[in-house]
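Accompanying notes for the structure given below.
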Amino acid sequence: MPVIRHSDTRRTETPGGVMTTLASPTQGGSGLALWRVEVPADTSGPLHFIDAEQIWTVLAGHIDIALDGTELTVAEGDTAILPANVLRQVRTEQGFTAIVAAPAGARAGTPDSGGTIVPPWIA
């Protein structure tokens with residue numbers, strides 16, 4: 001059972017926030033990826049989908065999620081389970097920090113991209 005030291009976490013900055021990979025296949029894990037998301041106030045992520053279920057637990061702040069036409073508000077201490085292959089967009093007015101888990105190798109795409117990628121925080 002590997003231990004991933006804080007010094008071995010991987011930080012990825014995007015226009016929408018910072019993802020810090022806590023566990024993933026490239027860090028010695030096998031089937032799951034776990035990362036922390038930190039998003040500043042007044043931020044909207046892209047409209048996208050993930051080909052696997054994700055579990056988001058909000059540690060601070062709150063998230064508004066447009067999930068296939070349904071609006072969800074996820075506040076500190078709440079957990080949202082986002083199904084696979086459903087269009088979503090994450091927005092926040094006050095900023096948030098969350099922990100997210102997904103299967104290793106989960107792929108993301110946008111409606112107009114014509115393809116998918118494995119985000120670096122999941123690899």
Side-chain angles (χ1 to χ4, degrees):
M1 172 172 50
V3 173
I4 301 162
R5 304 288 177 204
H6 177 73
S7 59
D8 295 327
T9 61
R10 190 172 56 241
R11 182 180 165 98
T12 305
E13 293 188 37
T14 72
V18 175
M19 275 56 74
T20 302
T21 306
L22 305 171
S24 72
T26 58
Q27 295 169 305
S30 60
L32 294 173
L34 179 70
W35 65 97
R36 181 176 57 243
V37 179
E38 297 169 284
V39 177
D42 299 318
T43 300
S44 291
L47 180 64
H48 68 288
F49 63 90
I50 305 288
D51 70 356
E53 180 179 86
Q54 289 184 321
I55 299 174
W56 289 61
T57 297
V58 176
L59 303 176
H62 82 272
I63 309 169
D64 294 313
I65 303 172
L67 186 65
D68 199 27
T70 300
E71 293 291 327
L72 306 173
T73 296
V74 188
E76 185 173 324
D78 293 345
T79 296
I81 300 172
L82 305 183
N85 297 311
V86 174
L87 284 177
R88 66 197 58 186
Q89 185 175 33
V90 176
R91 300 177 312 278
T92 183
E93 290 181 8
Q94 70 183 54
F96 72 88
T97 300
I99 296 291
V100 183
R107 301 183 70 83
T110 60
D112 56 348
S113 69
T116 59
I117 64 161
V118 176
W121 49 91
I122 298 177

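Only heavy atoms go into these numbers, but all of them, side chains included; no hydrogens, no water, no symmetry mates. Since this is a predicted model, take the numbers as computed values, not measurements.
Between the side chain of Glu93 and the main chain of Ala41, no donor-acceptor pair closer than 3.5 Å is present. Judged by distance alone, the side chain of Asp51 and the main-chain N or O of Arg107 form a donor-acceptor pair under 3.5 Å. Using a distance-only test at 3.5 Å, with no hydrogens or angles considered, no donor-acceptor pair links the side chain of Arg10 to the main chain of Gln27. Using modelled atom types, no side-chain atom of Thr9 and backbone atom of Thr20 make a donor-acceptor pair closer than 3.5 Å. At least one donor-acceptor pair under 3.5 Å links the side chain of Ser24 to the backbone N or O of Ala123. At least one donor-acceptor pair closer than 3.5 Å links the side chain of Arg88 to the backbone N or O of Pro83.
Annotation: the span from Leu22 atom CG to Leu32 atom CG amounts to 12.5 Å, rounded to 0.5 Å. If you take CZ on Arg11 and CE on Met19, they are separated by 10.0 Å, rounding to the nearest 0.5 Å. Atom CD1 of Ile81 is separated from atom CH2 of Trp56 by 14.0 Å, given to the nearest 0.5 angstrom. Considering CD1 of Ile99 and OG1 of Thr57, their distance stands at 8.0 Å, rounded to 0.5 Å. For the atom pair CD1 of Ile122 and OG1 of Thr21, the computed distance is 8.5 Å after rounding to the nearest 0.5 Å.
Across all their heavy atoms, Pro46 and His48 have their closest contact at O-ND1, 2.8 Å. Taking each heavy atom of Val37 and Val100 in turn, the nearest pair found is CG2-CG2, 3.7 Å. The shortest non-hydrogen separation linking Pro40 to Gly16 is CD-O, 4.1 Å. For the residue pair Gln54 and Ala102, the shortest heavy atom distance occurs at CG-CB, 3.9 Å. The minimum heavy-atom distance between Gln89 and Ser44, with the atom names listed, is NE2-CB, 4.3 Å. The shortest heavy-atom contact between Ala66 and Glu71 is CB-OE2, 3.5 Å.
Annotation: side chain of Leu47 is in contact with side chain of Leu87 (closest heavy-atom distance under 4.5 Å). Side-chain contact between Val39 and Val90 is absent, with no heavy-atom pair separated by less than 4.5 Å.
Note on Trp121: it does not cluster hydrophobically with Phe49, by side-chain heavy-atom contacts below 4.5 Å among ILVMFWY residues. Connection of Leu59 to Leu82 is not established within any shared hydrophobic cluster, with ILVMFWY side chains joined at heavy-atom distances below 4.5 Å, either directly or through further cluster members.
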inquiry  = Pair Thr70, Leu72 - check side chain to side chain contact (heavy atoms under 4.5 Å, CB included), show working.
reply    = CA-CA 6 Å; Thr70 300; Leu72 306 173; 4.1 Å; yes
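The side chain to side chain contact (heavy atoms under 4.5 Å, CB included) test with Thr92 is passed by exactly one of Val74, Ile63, Thr43, Ile65: Thr43.
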